[in-house]
Amino acid sequence: MGKSIILRKLLQGDNVLKVAGAHDGLSAKIAENKGFDAIWASGLGISAVETVPDASILSMQEFLNAAISMNQATDIPVIADCDSGFGNIPNVVHMVKKYESAGIAGVCIEDKVFPKLNSFLGGNQQRLISVEEFTSKIRAAKGTQIDPNFVVIARVESLIAGESMEDALYRASCYLDAGADAILIHSKSKTSDEIEEFSKKWSGEVPLFIVPTMYPHISIKNVEKMGIKAVVYANQAIRASVKMMDYVLGNIIEKGTSLEIEGEISNVEEIFSLQNVNQMKLDEEKFSKSTVRS
Ligand code: SPV
Ligand code: MG
């Protein structure tokens with residue numbers, strides 16, 4: 001079964017989708033092992049791996065390559081964070097062709113100008129494009145996909161750019177009319193009040209996604225009660241990795257030995273397991289049986 005149909009079925013099912021932000025194949029695989037339903041190929045995370053800002057610095061191909069690694073490392077669907085679509089209509093058309101043919105289950109595009117800036121950066125530099133312009137990008141994405149199950153998520157950044165709740169609701173309904181399969185409503189509020197208000201007032205038929213980076217107290221149970229379909233833990237994995245690497249490497253320098261932190265880090269067997277070493281051994285055994293005529 002293709003992964004887009006898996007994502008479609010998850011979106012149509014009864015449960016809240018737990019989506020983990022990943023930045024490479026390894027982080028995606030750990031998320032899958034832990035029970036997440038889908039992967040968010042995070043623009044922030046992929047940029048962080050290259051130590052560049054999340055500001056449309058990397059090329060579409062670089063983001064795509066990272067998403068492909070995640071897709072190949074897992075059996076769960078990958079939703080690619082495609083920022084503002086890497087440009088205008090022709091860029092969106094090219095993007096959908098490339099992502100779809102690579103087996104990515106869905107893409108998310110946001111209604112900000114290209115180049116975009118991470119939603120939590122530079123408050124007054126968050127600029128939206130017009131509703132007309134963004135709806136044409138959604139139509140371009142939907143009109144380009146070949147696989148009917150490929151998912152296009154429209155991300156509303158009104159609340160990030162300091163616009164009103166009415167603007168957010170208006171934009172979301174226009175994006176729905178343009179063919180979006182789901183709406184991601186983003187908020188930088190420290191409470192979930194905005195999200196709650198939006199979900200109460202939203203009467204659209206398509207599923208809602210949220211990214212509770214700034215309001216982490218919200219639980220998956222709360223999300224379910226609000227009628228929100230998917231919750232994206234977009235950057236917890238990259239933040240965990242950075243914190244742990246910083247701590248461990250700092251401790252080695254400080255103590256002049258790795259002894260102190262050995263019990264706190266994965267042993268090599270855990271790494272071998274994530275690398276499918278067992279499967280490699282089985283393959284060797286299976287295919288090395290001689291078929292040469294004697
Ligand atoms: C990302 O993971 O790149 C996102 C989510 O777009 S956030 O950074 O929380 O805006
Ligand atoms: Mg992003």
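Every number for a ligand or one of its atoms is a count from 1 in the order of the listing. All values below come from the heavy atoms of this structure, side chains included, with hydrogens, waters and symmetry mates left out.
- In terms of protein heavy-atom proximity, atom 5 (C) of ligand 1 is nearest to Ala234 CB, 3.8 Å.
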- Tyr247 vs Glu264, side-chain hydrogen bond (donor to acceptor under 3.5 Å, both in side chains): CA-CA, chis, key distance, verdict: CA-CA 10 Å; Tyr247 163 66; Glu264 296 181 67; 2.9 Å; yes

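- Under a 3.5 Å cut-off, the side chain of Glu110 and the backbone N or O of Glu157 do not form any donor-acceptor pair.
- For atom 9 (O) of ligand 1, the nearest protein heavy atom (residue, atom name, distance) is Phe120 CE1, 3.1 Å.
- For Phe120 and His186, the ring centers sit closer than 6.0 Å to each other.
- Annotation: side chain of Met60 is in contact with side chain of His94 (closest heavy-atom distance under 4.5 Å).
- Closest heavy-atom approach to atom 4 (C) of ligand 1 among the candidates Asp81, Asp83, Asn118: Asp81.
- Heavy-atom contacts of Thr213 reach the following atoms of ligand 1: 9 (O) (cutoff under 4.0 Å).
- Side-chain atoms of Arg171 do not come within 3.5 Å of backbone N or O of Val156 as any donor-acceptor pair.
- For the residue pair Ala172 and Ile183, the shortest heavy atom distance occurs at O-CD1, 3.6 Å.
- Inspection of the environment of the Mg ion (ligand 2) yields the following protein N, O or S atoms under 2.8 Å: Asp81 OD2.
- The nearest protein atom to atom 10 (O) of ligand 1, hydrogens excluded, is given as His186 NE2, 2.8 Å; this is a heavy-atom distance.
- Ligand-side atoms of ligand 1 in range of Asn235: 9 (O), range being under 4.0 angstrom from any heavy atom.
- A salt bridge between Lys142 and Asp181 is present, with a side-chain N of the basic residue lying under 4.0 Å from a carboxylate O of the acidic one.
- Atom CD1 in Ile104 sits 10.5 Å away from atom CD1 in Ile79 (nearest 0.5 Å).
- The residue Val232 has no part lying near ligand 1, judged by heavy-atom distances below 4.0 Å.
- With ligand atoms numbered from 1 in the order given, ligand 1 contributes 1 (C), 2 (O), 4 (C), 6 (O) to contacts under 4.0 Å with heavy atoms of Trp40.
- Residues Ile185 and Trp202 form no side-chain contact, since every pair of their non-hydrogen atoms from C-beta on lies 4.5 Å or further apart.
- Using cut-offs of 30° and 60° on the angle between ring planes, the pair Tyr99 and Phe86 is parallel.
- Looking at Gly45 next to ligand 1, no N or O pair under 3.5 Å apart turns up.
- In this structure, atom 2 (O) of ligand 1 lies nearest to the protein heavy atom Ser42 OG, 2.7 Å.
- In this structure, the protein non-hydrogen atom closest to atom 6 (O) of ligand 1 is Arg155 NH1, 2.7 Å.
- When non-hydrogen atoms are compared, ligand 1 lies under 4.0 Å from the side chain of Val211 (C-beta onward) but not from its backbone.
- Residue contacts with ligand 1: Glu110 is excluded, as none of its non-hydrogen atoms falls under 4.0 Å.
- Ligand 1 is never approached by Met214 to a heavy-atom distance shorter than 4.0 Å.
- Looking at Glu62, its side chain does come within 3.5 Å of a backbone N or O of Ser59 through a donor-acceptor pair.
- Using a 4.5 Å heavy-atom cutoff, the side chains of Ser47 and Ile57 are not in contact.
- Not one N or O on the side chain of Lys29 forms a donor-acceptor pair closer than 3.5 Å with the backbone of Asp24.
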